[in-house]
Amino acid sequence: MTITATPPAGITNDITNDITNDITNSTVHLLPQTRQLRALHTIIRDRNCDLERFVTTSGRIIRQLVETALDLLPFEPSGVQTPVGQTYHGLRPAKPICGVPVVRAGESMEHELRAMSPGVRIGKILIQRDKVTKLPRLYYSALPADIDRHSVLLLDPMLATGGTALAAIEVLLAHGVAEDDIVFVTLLSAPEGIDAVHARHPNLRIVTSAIEERLNENAYMIPGIGDFGDRYFGTDVPR
């Protein structure tokens, strides 16, 4: 996979160095910034994009993210007999896979994972920001009892401050999932969020399709996409 080590313009020097080091060390896996990917981002970032086109176009990007994340998981040798009677020395996943979307926005990524990995097990985590403390609060989790034996794709399309991601990671760790078995899959990442996750979990792998310039004073990504969950599920009317 080709990875660019040049973050977008507008990121501060300290964070630029952190993100560049993360990419170099292969903890941040940025999708190749092709013209086609930028064209897809142009569609979904448009505030006037209608619901059908937003869902379809987002799905195309999410598939690329999931493909990249699946390739990071451990594999083991697997030989099969071909129709001409020969052996193909291939590979298969070394561990079963579990997808864990962060409700609600993360469920937008669940469909694509299911389509690509039929029979994949799915857990759920619901984390919301407390209105008083402004801190992420766990409201609900439902995970397979043997999730500690799985490779886990943690799914959330937005990594802004990193608070929700860190809370979700702690839930997985508390259930016995090894940090090395977690891949965080996100559509948009703020450099501040990546920095926050890696300050606590420096080796945790992140797959993303874009690294934004920064967060504004209200912790919104710049240039951003708005509330991904609201737009994907049709509860946000284009303005």
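This chain uses plain numbering: 1 for the first residue, then up along the sequence. The basis for the numbers below is simple: all heavy atoms, side chains too, and nothing from hydrogens, waters or symmetry mates. Please read all numbers here as calculations on a predicted model, not as lab measurements.
With rounding to the nearest 0.5 Å, the separation of CE in M158 from CD1 in I225 is 6.5 Å. Between atom CD1 of residue I147 and atom CG of residue D181 there is a gap of 10.0 Å, rounded to the nearest 0.5 Å. The structure places CD1 of I206 at 7.0 Å from OG1 of T27, a figure rounded to the nearest 0.5 Å. Considering CG of L51 and CZ of F233, their distance stands at 10.0 Å, rounded to 0.5 Å. Distance check, rounded to the nearest 0.5 Å: CE of M109 to CG of D156 gives 8.0 Å. Distance CZ/R45 to CE/M221: 9.0 Å, rounded to 0.5 Å.
Counting heavy atoms from C-beta on, the side chains of I211 and L30 come closer than 4.5 Å. With a 4.5 Å cut-off on side-chain heavy atoms, V55 and Y232 count as touching.
Connection of I122 to L126 is not established within any shared hydrophobic cluster, with ILVMFWY side chains joined at heavy-atom distances below 4.5 Å, either directly or through further cluster members. Connection of L65 to I43 is not established within any shared hydrophobic cluster, with ILVMFWY side chains joined at heavy-atom distances below 4.5 Å, either directly or through further cluster members. Under the 4.5 Å side-chain contact rule for hydrophobic residues, V66 and L72 share a cluster. Under the 4.5 Å side-chain contact rule for hydrophobic residues, L143 and V177 share a cluster. Linking Ile, Leu, Val, Met, Phe, Trp and Tyr residues whenever their side-chain heavy atoms come within less than 4.5 Å leaves I127 and Y140 in two separate clusters.
Distance alone, capped at 3.5 Å, is enough to place a donor-acceptor pair between the E212 side chain and the G224 backbone. When atom types are taken as modelled, the side chain of D146 and the backbone of R149 share no donor-acceptor pair closer than 3.5 angstrom. Side-chain atoms of T34 come within 3.5 Å of backbone N or O of L37 as a donor-acceptor pair. Between the side chain of N218 and the main chain of Y220, no donor-acceptor pair closer than 3.5 Å is present. A donor-acceptor pair is defined here as one N or O able to donate and one able to accept, closer than 3.5 Å; no such pair exists between the side chain of H111 and the backbone of S108.
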**Report entry** Verdict with supporting geometry, L154 and I169, side chain to side chain contact (heavy atoms under 4.5 Å, CB included)
**Finding:** CA-CA 8 Å; L154 181 60; I169 291 165; 3.9 Å; yes

Report task. Evaluate side chain to side chain contact (heavy atoms under 4.5 Å, CB included) for F75 paired with R92, printing each intermediate quantity in order. Result -> CA-CA 5 Å; F75 288 82; R92 65 184 176 190; 5.6 Å; no

Report task. List the steps and the verdict of side chain to side chain contact (heavy atoms under 4.5 Å, CB included) for I97 and L70. Result -> CA-CA 9 Å; I97 301 167; L70 290 173; 3.7 Å; yes

Requested in this report: Begin from the C-alpha positions of L155 and L113 and carry the test side chain to side chain contact (heavy atoms under 4.5 Å, CB included) through to its verdict.
Outcome: CA-CA 10 Å; L155 310 173; L113 174 58; 4.1 Å; yes

Query raised in the report: Where do R231 and D50 land on the salt bridge (charged side-chain N to carboxylate O under 4.0 Å, His left out) test, with the steps shown first?
Result: CA-CA 9 Å; R231 297 188 67 190; D50 62 54; over 6 Å; no

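The minimum heavy-atom distance between A190 and L215, with the atom names listed, is CB-CD2, 3.6 Å. Closest non-hydrogen pair, H198 versus L204, comes out as NE2-O, 2.6 Å. S151 and P74 make their closest contact through OG-CD, 3.7 Å (heavy atoms, listed as atom of the first residue, atom of the second, distance). A pairwise comparison of heavy atoms in L187 and T208 identifies O-OG1, 3.3 Å as the closest pair. Closest approach of H150 to K95, counting heavy atoms only: C-CD, 4.2 Å. Here the closest heavy-atom approach between residue V197 and residue A165 is recorded as CG2-CB, 4.1 Å.
Taking 4.0 Å as the cut-off between side-chain N and carboxylate O, E110 and K124 count as a salt-bridged pair. The residues E192 and R214 are annotated as not salt-bridged, no charged nitrogen and carboxylate oxygen being separated by less than 4.0 angstrom.
The list of side chain to side chain donor-acceptor pair (under 3.5 Å) pairs with a residue in residues 54-64, not counting sequence neighbours, reads R63-E112.
Side-chain atoms of Q81 and T87 form a donor-acceptor pair, as typed in the model, at a separation below 3.5 Å. Counting only N and O atoms by type, the side chains of H175 and E170 include no donor and acceptor under 3.5 Å apart. Judged by distance alone, the side chains of H41 and S209 do bring a donor and an acceptor atom under 3.5 Å apart.
Using the six-membered ring where Trp is involved, F228 and F54 have ring planes that are tilted, between 30° and 60° apart.
The number of heavy atoms from other shown groups lying within 6.0 Å of OH (Y139) is above 12. Shown here is E52, whose CD atom has no more than 12 heavy atoms of other residues, nucleotides or ligands within 6.0 Å.
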